[in-house]
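What follows is one structure encoded as structure tokens, with my remarks underneath.
Quick note: residue numbers are just sequence positions, from 1.
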Amino acid sequence: MSFPLLTATAALPAIGAVATAAVPAARRTFAKWLALLFSLATLVLAGVVLARFEPGGSRFQLTESHAWIKDFGVRYELGVDGIGVALMALTALLMPFIILAGWHDADPLENQSRRWRPTQGFFALMLMTEAMVILSFEATDVFVFYILFEAMLIPMYFLIGGFGDRATSSAAAAAAGGGDENAAAQRSYAAVKFLLYNLVGGLIMLAAVIGLYSVAGTFSLSEIAEARANGSFSMATSTERWLFLGFFFAFAVKAPLWPLHTWLPNAMGEATSPVAVLLTAVVDKVGTFAMLRFCLQLFPEASKWATPVILVLALISIVYGALLAVGQRDIKRLIAYASISHFGFIVLGIFAMTSQGQSGATLYMINHGISTAALMLVAGFLITRRGSRLIADYGGVQKVAPILAGTFLIGGLATLSLPGLAPFVSEFLVLVGVFSAYPVIGIIATTGIVLAAIYVLVLYQRTMTGPVKAEVQGMADLRVRELVVVVPLIALLIFLGVYPKPLTDIVNPAVQHTMSDVQKKDPQPEVEAAK
């Protein structure tokens, strides 16, 4: 039997989580280095998976299949297509930077009633989340995917509620009078809201998963696809639509798509910046990935039936998220609302049902993960120095910390999809795909680009330019550890912005399979006959 490479890639961070949690309390520094070591080892294994993957080969590669719960037809089945392997590599790539950025986020706090924070638990929860996310990108059994989809909520709940941002002067805390107790209440509220929203979505999905099994008699994607191909499996129209809605609702909550998005600004605002990156750049991608992997593949006719409504919801997410980002006073909540707008573009690309749109949506997942990580982590370094998330508390930072300001600017420019940076390629492809099929929706969606320029440039102007505020006067520039975190992300944004071909070569064949699932072809351009 060949080496189970996909299982090993997910098992390694899980083993690292257990090992990190078992480190004695007094050896916090060792626990940090151990977590970083396991994340780097996972990155190496993910690189091996990426090297072994053949873009022009079979749809699912490096497959593993073992009987698990025989009485219910559940199998432990894994396999990666171009979309799954790219997102798995993104997860493994970002995790070492997330751990380095949060190096001191769980250290003991001085002069507070809670004098000890479990450092080992903080990094163990991060690694456990990574393991579950990687395995969810590999799972080809619907039941296995559902378990992972729900289980990853547990470590994220504790990361948000138990290890919140130390900068307590958020807009919400300031409005309520501030203070440690109020900040703790805000974190608890954000964590519970995150958990409840996603649990409700997961429970609805569970009903749909059971319904799928009652119709198909299996949870295996490959078996369902084979049965559909030979004509031995079909669903009644009404059944397919109801099951689609059950799956899509859960994925739309995770994505997050308007109007199921309201948990994200609270969660990102109250979490530490590395945890916020883990949430929006990694965990939330499971929702949009699952729309491609499960909604379109399992329910092709229902996906086409629901497309008009979903496109409208995605369009609202784009404009609504961008408008609220423009009006934000809190740096992290601004980035959260910007992410809602970006997720709208991803969903728009998926359900445009064109190869350009779906390729752009997949690239958007990857590029948004990198750009959000760069911007949010630099913002976290800035907030840690000043002790505030309020935009009004800053001014003139570029004069005292020019490297910090410069990296913040590049991260912001990537967020607004400036040509030459990676997100531009994905956003351009999404809009091309949407324009070719739904020109009116494409025109309206471009307003999100204009609004993105407004909220990013205004944020930079108010925090980095102008007179130097007294509280910012002695602010230190980026340190070596922080540069190690930020510089590779910026280099990757520039590289993929100039040369995206390595990604498109991996993603495009998988997109063609998805287009075949829904039996859609790209609209042909209308060319006027030559006279």
Once you round to the nearest 0.5 Å, how far does [atom1] of [X] lie from [atom2] of [Y]?
X: Tyr157; Y: Leu153; atom1: OH; atom2: CG; value: 12.0 Å
X: Leu93; Y: Leu87; atom1: CG; atom2: CG; value: 12.0 Å
X: Ile340; Y: Trp258; atom1: CD1; atom2: CH2; value: 12.0 Å
X: Leu278; Y: Leu94; atom1: CG; atom2: CG; value: 9.0 Å
X: Ile494; Y: Ile410; atom1: CD1; atom2: CD1; value: 5.5 Å
X: Ser273; Y: Ile98; atom1: OG; atom2: CD1; value: 11.0 Å

Option passing side chain to side chain contact (heavy atoms under 4.5 Å, CB included) with Met205 (candidates Phe249, Phe294, Phe248, Phe247): Phe247
Residues in salt bridge (charged side-chain N to carboxylate O under 4.0 Å, His left out) with Arg59, at least two apart? Asp517
State, yes or no, whether a side-chain contact exists between [X] and [Y] at a heavy-atom distance under 4.5 Å.
X: Phe408; Y: Val397; result: no
X: Val486; Y: Leu404; result: no
X: Leu36; Y: Leu100; result: yes
X: Met128; Y: Met156; result: no
X: His261; Y: Ser317; result: no
X: Met475; Y: Leu382; result: yes
X: Val275; Y: Asp105; result: no
X: Leu257; Y: Phe251; result: no

Under the 3.5 angstrom rule, does the side chain of [X] hit a backbone N or O of [Y] as a donor-acceptor pair?
X: Ser341; Y: Tyr337; answer: no
X: Thr280; Y: Val277; answer: no
X: Gln328; Y: Leu324; answer: yes
X: Lys254; Y: Phe149; answer: yes
X: Arg389; Y: Ile383; answer: no
X: Tyr364; Y: Val425; answer: no
X: Lys285; Y: Ala255; answer: no
X: Asn367; Y: Ala422; answer: yes

Go through the steps for Arg385 and Glu482 under the test salt bridge (Lys or Arg N to Asp or Glu O under 4.0 Å), then give the verdict. CA-CA 12 Å; Arg385 285 160 166 74; Glu482 296 164 337; 2.7 Å; yes
Please tell me whether [X] and [Y] have a donor and an acceptor in their side chains that are separated by less than 3.5 angstrom.
X: Glu64; Y: Thr7; value: yes
X: Ser222; Y: Ser220; value: yes
X: Gln120; Y: Thr20; value: no

Taking all atoms of both residues into account, what is the closest heavy-atom pair of [X] and [Y], and its distance?
X: Thr140; Y: Leu78; value: OG1-N, 3.7 Å
X: Ala476; Y: Arg479; value: CB-NH2, 4.0 Å
X: Ala10; Y: Leu135; value: CB-CD1, 3.6 Å
X: Leu413; Y: Val456; value: N-CG1, 4.2 Å
X: Val282; Y: Phe137; value: O-CZ, 4.4 Å
X: Ala267; Y: Leu279; value: CB-CD2, 3.7 Å

Quick check: are there more than 12 heavy atoms from other residues, nucleotides or ligands sitting under 6.0 Å from [atom1] of [X]?
X: Tyr76; atom1: OH; value: yes
X: Phe158; atom1: CZ; value: no
X: Arg52; atom1: CZ; value: no

Going through the checks in order, is the side chain to side chain contact (heavy atoms under 4.5 Å, CB included) test met by Glu77 and Thr63? CA-CA 7 Å; Glu77 286 192 349; Thr63 55; over 6 Å; no
Start with the C-alpha distance between Asn198 and Trp263, add both sets of side-chain angles, then the distance that settles side chain to side chain contact (heavy atoms under 4.5 Å, CB included), and finish with yes or no. CA-CA 9 Å; Asn198 284 274; Trp263 60 268; 4.0 Å; yes
Pair Phe381, Thr407 - check side chain to side chain contact (heavy atoms under 4.5 Å, CB included), show working. CA-CA 11 Å; Phe381 299 148; Thr407 53; over 6 Å; no
Is it the case that Lys32 places NZ or CZ above or below the six-membered ring of Phe123, under 6.0 angstrom from the centre and within 45 degrees of the axis? no
Under the 6.0 Å and 45° cation-pi test, does Arg293 pair with Phe289? no
Would you call the rings of Phe495 and Tyr499 parallel, tilted or perpendicular, taking 30° and 60° as the class edges? perpendicular
From CA spacing to verdict: side chain to side chain contact (heavy atoms under 4.5 Å, CB included), Thr415, Ile335: CA-CA 9 Å; Thr415 298; Ile335 298 173; over 6 Å; no
